[in-house]
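These notes concern the structure reproduced below.
Worth saying up front: this structure is predicted, and the values here are computed from it rather than measured. Note on naming: letters A, B, ... go to the chains in the order of the sequence lines (proteins, then strands), and numbering restarts at 1 for each one.
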Number of protein chains: 2
Amino acid sequence: MLGAARELLAEAGLRGLTMRALARSLDVAPNALYSHVPGKDELVDALLDEHLGAVENPPVDAADPLAAVARMMTSTYDVLLAAPDLVPLYLARRGARGPNAQALGAHMDALLARAGVDPAAIPGARITLIVHAIGFASFDEPRAVFATSLGWLLTGIARGEESLT
Amino acid sequence: MLGAARELLAEAGLRGLTMRALARSLDVAPNALYSHVPGKDELVDALLDEHLGAVENPPVDAADPLAAVARMMTSTYDVLLAAPDLVPLYLARRGARGPNAQALGAHMDALLARAGVDPAAIPGARITLIVHAIGFASFDEPRAVFATSLGWLLTGIARGEESLT
DNA sequence: CAATATAACTGGACAGTGTACAGTTCGACA
DNA sequence: TGTCGAACTGTACACTGTCCAGTTATATTG
């Protein structure tokens, strides 16, 4: 069912992802879906988290942890862009909260800690990086702009400055 | 009509902002609205741009242009949060493109230029800052996290680094 | 094997959505 | 006074997500 939903999204786009169309593609009555999933929101959530499985997880003990974070976020960005129709859904659902999303978050926290980021600042840094990746994927700017701004962000995070307010 | 739409949004939320409800609040048949606006998207666009009129425009010749950018973005963030129901719409419509949005963009470009940012990097920096503000407003994190990460971003932008990829 | 519990399905419906079409009312202006 | 055009109405279409009651098929028991 998740697979059919993914296919449907790829073929018919965000607008085409409807319970009825999904049921049609499974040769089933629309309400039969509700035996497998409580509602469309939950289906979408599952779709979002599953998709995050493709994000690259660099080793936690990488030589340069900050570069590893950069690789991770770039991979996230690429994965998001690989299914552009999914991006508005990440926004509408405020990210993903399934097992894949949580594993990625934990992984990133570990890398940030190893990069010497103040522990108290880690959650904020994680959120910032996630918002940054999803936001950029949403506004689909050229990839170079994303890379540049990711560099800006990591520079700032690494130096731990926070005046200017 | 825009006013009624704004009120309706405030009272009934994002979900309650429907053409039919808007028509009802104006004591008019639903399709009468289409004499004034081509469709719901355009109505929403107008709503979004109008709302940006509340963003603070610091003087372009401020002593510290980078601090002025920070003030501008903080004000944007506050304005966005003042109408949380509008935020998902900014995302869905990929920002605003009306006169207010354009004026703000031009203003920011001028400030970034005065702050010594490489002219070629200005559009990217502008987009980055906008994505950052809208993204944070969307994920509604504590305000302090926004401020901190804005500091990170501006630090990076000002130093013009872009390695790490 | 037969009986039963349970998961998966169906038909039909409800209340809503944005919007198109054709036709009417009405105020402003020549 | 006559005409024009904007603003409106009634009706309708093709959708949406989801609920309810009832049916079928499958799996698990006695």
Side-chain angles (χ1 to χ4, degrees), chain A residues 1-51 83-99 101 138, chain B residues 1-51 83-99 101 138:
Chain A
M1 172 165 178
L2 261 187
R6 206 175 39 231
E7 269 183 49
L8 181 58
L9 189 71
E11 286 165 19
L14 181 55
R15 207 183 199 91
L17 180 64
T18 92
M19 298 303 262
R20 292 176 136 88
L22 179 55
R24 208 175 305 131
S25 89
L26 289 168
D27 259 319
V28 136
N31 37 2
L33 303 176
Y34 291 84
S35 296
H36 302 265
V37 105
K40 193 184 184 182
D41 282 358
E42 288 81 1
L43 192 159
V44 164
D45 283 346
L47 215 52
L48 294 180
D49 195 68
E50 182 212 42
H51 189 238
D85 285 324
L86 233 42
V87 176
L89 296 177
Y90 280 103
L91 292 164
R93 312 277 315 142
R94 288 204 169 93
R97 262 154 250 289
S138 145
Chain B
M1 171 164 177
L2 262 188
R6 205 174 39 229
E7 268 185 49
L8 180 58
L9 189 71
E11 286 165 17
L14 182 53
R15 206 183 198 93
L17 180 63
T18 92
M19 297 304 262
R20 291 176 137 90
L22 179 56
R24 209 175 304 130
S25 89
L26 290 167
D27 260 319
V28 136
N31 38 1
L33 304 176
Y34 291 84
S35 296
H36 301 265
V37 105
K40 193 185 183 181
D41 282 357
E42 287 80 0
L43 191 158
V44 164
D45 283 346
L47 215 50
L48 294 181
D49 195 69
E50 183 211 43
H51 189 238
D85 285 324
L86 234 42
V87 175
L89 296 176
Y90 280 104
L91 292 164
R93 311 278 315 143
R94 288 205 169 91
R97 263 155 250 287
S138 146

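Contacts of residues 35-44 of chain B with DNA chain C (heavy atom under 4.0 Å): B:Gly39, B:Lys40.
With D:dG17, C:dT17, C:dT10 as the candidates, the nucleotide lying closest to the side chain of B:Thr18 is C:dT17. Closest to the B:Val28 side chain, of the nucleotides D:dT18, D:dT9, C:dG18, is D:dT9. Considering only side-chain atoms of A:Pro30, the nucleotide from C:dT10, D:dT18, D:dG17 that sits closest is D:dT18.
How far CG of B:Leu89 is from CG of B:Leu14: 5.0 Å, rounded to the nearest 0.5 Å.
Taking only distance into account, the side chain of B:Arg20 never meets the base of C:dG16 through a donor-acceptor pair shorter than 3.5 Å.
One atom, CG of A:Leu26, and another, P of C:dT10, lie 10 Å apart when rounded to the nearest Å. If you take OH of B:Tyr34 and C1' of D:dA6, they are 18 Å apart, rounded to a whole angstrom. Put simply, CE on A:Met19 is 13 Å from P on C:dC9, counting in whole angstrom units. At whole-Å resolution of the value, CG in B:Leu33 and C1' in D:dA6 are 15 Å apart. The CZ-P distance, from B:Arg24 to C:dG18, rounds to 10 Å in whole Å. In this entry the distance linking CG of B:Leu22 with P of C:dG16 reads 17 Å, nearest Å.
A:Arg97 and A:Asp45 are not joined by a salt bridge, as no carboxylate oxygen comes within less than 4.0 angstrom of a charged side-chain nitrogen.
Considering all non-hydrogen atoms of both residues, B:Leu26 and B:Ala4 come closest at CD2-CB, 3.7 Å.
Proximity of a side-chain donor or acceptor of A:Asp49 to a complementary backbone N or O of A:Ala101 within less than 3.5 Å is detected.
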